[in-house]
Amino acid sequence: MYIKSYVKQLIFDENNNIFTWVINFFNLKISDIITIKEIAALANVSPGTVDRIIHNRGQVAQENVDKVNAIIEEYGYKRNILASNLALNKKFRIAVFLPKYENLEYWKSQISGVEKAAAEFAKFGIVLDYFFYDFNKESFQKQIEKVIDFDCDGLLFAPIFYEDSVRFLKEYEKKNIPVVMIDSNISEENGHAYVGQDAFQSGYLAGRLISFAVKNERQVLIFKIAREIESTSVYLQRIDGFYSYFKDHDELTNFKFSEITIKDSGIDQLCVEMFKGINSIFVPNSRAYIVARFLEKNNINGIRIIGFDLLNENIEYLNKGIIDFLINQRPEEQGYMGINYLYKKLVLQEETEQTNYIPLEIILKENYSPAKVR
């Protein structure tokens, strides 16, 4: 039962203070509320040692580990953190800085995961403030100023525009608050957390799928259909991973590669000539359906297509057998896990893994079913 349902039945103390109720809710005594410093005193170790044991980092003598864990077991340290936060009615404000999702099915899934996590953790003081930008650099840059000026405890961020995102994060580091990136990991060296795909590996996987059961010579077309962005790190890492698969398997000498790049607004520029002699197509983003639609319309058959994401239009052509494989990066789970990371960091004060890769799923028409947050 949610904590809020109990609030209506509260009997306040003479100071009209909810603190006593919270302690009772967690079955604690006032004397049970214990801090890291007090654990250290009881165990006769330094607070730093206690911190290392709680967060499982660094070398600590087993004798001290046993003593500290015994004290934590007796007093229930994590439970006390929640009790203290609730007693103080503490709020943890998280800025959510993402693309607008009304017409972007992939980002709508991300927001669904974010909102699921927000509803689950609201009772522990998690509050979200949204900062959406149109899918262009100008809108992104305008929102940056608002995000930097906003006072919050943590940030969930999708670094779509690489160079602007690097500059933004460098400026944002002055706030000294936890940041978790989703969808795109612009750098593993910036100290921020990441939840999402391993973009390089997803491209590498696409290369493997292209190579399956192929003995004769194959002409492979990398078809880049982008909006105004060509330099997103995800996009480039996927292509790099794709080529790397064939570099690592130099026995696959029968594969030849070519590339075509068009803007999303220029899809009317597709022509039959582009696909002459082509056996396989790799689309390194979610727009494989655009190619599939053209091939269907022009009755071009026998081309293997690999793309990304379970958009409705992609699923349509997967079920028709025109798209062969879709690599699903589970966007809803990314959104959920991003907020979950900040909940653990801010509310539970836990140290968690900085990089959290979402396992990639290979979807064929024979195994497709709607993805769910786990």
Side-chain angles (χ1 to χ4, degrees), residues 106 162 183-188 194 196-226 229-262 270 274-292 294-295 300-311 313-315 317-318 321-331 334 355-368 371:
Y106 173 81
Y162 179 77
D183 181 69
S184 179
N185 190 11
I186 60 177
S187 174
E188 295 182 358
Y194 171 68
Q197 63 174 307
D198 182 330
F200 180 89
Q201 283 300 119
S202 69
Y204 200 91
L205 172 61
R208 181 182 292 275
L209 294 173
I210 286 282
S211 73
F212 279 162
V214 173
K215 295 181 180 178
N216 57 321
E217 183 171 312
R218 302 291 284 186
Q219 295 291 328
V220 180
L221 175 61
I222 300 175
F223 212 107
K224 306 175 184 177
I225 308 173
I229 322 162
E230 280 294 340
S231 60
T232 61
S233 58
V234 163
Y235 198 74
L236 298 177
Q237 287 174 53
R238 282 176 180 169
I239 295 169
D240 189 24
F242 181 80
Y243 280 127
S244 291
Y245 177 80
F246 292 95
K247 289 177 183 175
D248 291 347
H249 296 80
D250 53 13
E251 74 277 8
L252 300 174
T253 56
N254 54 326
F255 285 86
K256 310 299 179 186
F257 303 95
S258 58
E259 297 185 9
I260 289 179
T261 300
I262 65 169
L270 270 66
M274 292 178 175
F275 303 96
K276 278 196 171 179
I278 298 298
N279 308 108
S280 301
I281 296 174
F282 171 49
V283 183
N285 57 24
S286 60
R287 296 176 183 80
Y289 67 88
I290 293 175
V291 174
F294 182 85
L295 297 185
I300 301 173
N301 302 310
I303 297 179
R304 176 178 293 178
I305 301 177
I306 295 177
F308 288 83
D309 302 325
L310 302 185
L311 275 60
E313 290 167 300
N314 280 340
I315 292 299
Y317 290 102
L318 182 78
I322 300 174
I323 293 177
D324 295 86
F325 301 102
L326 289 172
I327 298 174
N328 179 27
Q329 51 185 323
R330 293 148 68 175
Q334 289 185 41
T355 302
N356 300 271
Y357 286 128
I358 301 287
L360 298 168
E361 295 178 334
I362 303 170
I363 306 298
L364 298 79
K365 69 176 182 178
E366 290 82 5
N367 74 338
Y368 168 70

Inter-residue atom distance Leu295.CG - Ile281.CD1, 0.5 Å rounding: 5.0 Å
Hey, does the side chain of Gln334 reach the backbone of Ile358 with a donor-acceptor pair shorter than 3.5 angstrom? no
Looking at Asn285 and Ile225, would you say the former's side chain and the latter's main chain have a donor-acceptor pair under 3.5 Å? yes
Would you say the side-chain atoms of Asp309 pair up with the backbone N or O of Asn328, donor to acceptor, closer than 3.5 Å? no
Is Phe242 close to Pro284 at the side-chain level, that is, under 4.5 Å between some pair of heavy atoms? no
OH of Tyr368 to CD1 of Ile315: how many Å apart, nearest 0.5 Å? 4.5 Å
Atom pair OG (Ser202) and CD1 (Ile327), whose distance is rounded to the nearest 0.5 Å: 6.0 Å
Residue pair Gly307 / Ala288: nearest heavy atoms and the distance that separates them: CA-CB, 4.0 Å
Tyr245 versus Ser211, closest heavy-atom pair with distance: OH-OG, 3.3 Å
Closer than 3.5 angstrom, by distance alone: can the side chain of Tyr204 be matched with the main-chain N or O of Phe246 as a donor-acceptor pair? no
Are any non-hydrogen side-chain atoms of Gln329 and Asp183 less than 4.5 angstrom apart? yes
Just by modelled atom types, is the Gly196 backbone N or O under 3.5 Å from a matching donor or acceptor in the Asn185 side chain? no
How long is the straight-line distance from OH of Tyr317 back to CG of Leu311, given to the nearest 0.5 Å? 13.0 Å
Asn367 side chain to Ile362 main-chain N or O, any donor-acceptor pair under 3.5 Å? yes
Within-4.5 Å side-chain heavy-atom neighbours: Tyr243 and Ile222: yes
Which heavy atom in Ile323 sits nearest to a heavy atom in Ala292, and how many Å separate them? CG1-CB, 3.8 Å
dist Ile278:CD1 -> Arg304:CZ (nearest 0.5 Å) comes out at 14.0 Å
Heavy-atom side-chain proximity of Ile239 to Lys224 below 4.5 angstrom: yes
Check whether any side-chain heavy atom of Asp324 sits under 4.5 Å from a side-chain heavy atom of Leu209, and report yes or no. no
Any donor-acceptor pair under 3.5 Å linking the side chain of Arg330 with the backbone of Glu361? no
Which one of Phe257, Phe308, Phe223, Phe325 satisfies the side chain to side chain contact (heavy atoms under 4.5 Å, CB included) criterion with Phe282? Phe308
What's the separation between atom NZ in Lys256 and atom OG in Ser280, rounded to the nearest 0.5 Å? 14.0 Å
Can you tell me if Asn314 uses its side chain to pair, donor with acceptor, with the backbone of Tyr289 under 3.5 Å? yes
